[in-house]
Amino acid sequence: MGGLNLQVEHHLFPSMPSGNLRRAPFVRAHCAEHAVPYTEAGLLESYGIVVRHLNRVGLGDRDPFACPFVTAHRQG
């Protein structure tokens, strides 16, 4: 997945070589301890997420620059 499966670890330890990021399993446990969501998706699931987003944006979304996060949390 090009390292996208370890984004949280990469941003916590930006200078750590990417091959060593999977050696930081304590990150997941720390997130759980502090009730911080740690989202994981398998390869096929992540491809599905990307394809659905690209189709929504590229096939007729009213505003192609709409931020999905803002749209999901917009009130009214």
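The analysis underlying the following values was restricted to heavy atoms, covering all of them including side chains, and did not include hydrogens, waters or symmetry mates. For the single chain, residues carry numbers from 1 onward in sequence order.
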Is there a path of hydrophobic side-chain contacts, each under 4.5 Å between heavy atoms of I, L, V, M, F, W or Y residues, that connects Met16 with Phe26?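 Yes.
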Single-linkage hydrophobic cluster Leu44~Val50, side-chain heavy atoms < 4.5 angstrom: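 Looking at the clustering, Val50 is in a separate group from Leu44.
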Could you pull out all residues at least two apart from Val36 that satisfy side chain to side chain contact (heavy atoms under 4.5 Å, CB included)?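 Per chain and number, Val36 pairs via side chain to side chain contact (heavy atoms under 4.5 Å, CB included) with Cys31, His34.
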Non-neighbouring partners of Glu33 that pass side chain to side chain contact (heavy atoms under 4.5 Å, CB included), sequence neighbours left out: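 Partners of Glu33 under the side chain to side chain contact (heavy atoms under 4.5 Å, CB included) test: none.
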Look up atom CD1 in Ile49 and atom OG1 in Thr39, then write down how far apart they are to the nearest 0.5 Å.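 These two atoms lie 9.0 Å from each other.
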For the atom pair CZ (Arg23) and CD (Glu9), what is the distance rounded to the nearest 0.5 Å?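 If I round to the nearest 0.5 Å, the distance is 14.0 Å.
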Pairing residues for His30 by the side-chain hydrogen bond (donor to acceptor under 3.5 Å, both in side chains) criterion, not counting sequence neighbours: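 Residues passing side-chain hydrogen bond (donor to acceptor under 3.5 Å, both in side chains) with His30: none at all.
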Which atoms form the tightest heavy-atom contact between Phe13 and Leu21, and what is the distance?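 Shortest heavy-atom contact: O-CD2, 4.2 Å.
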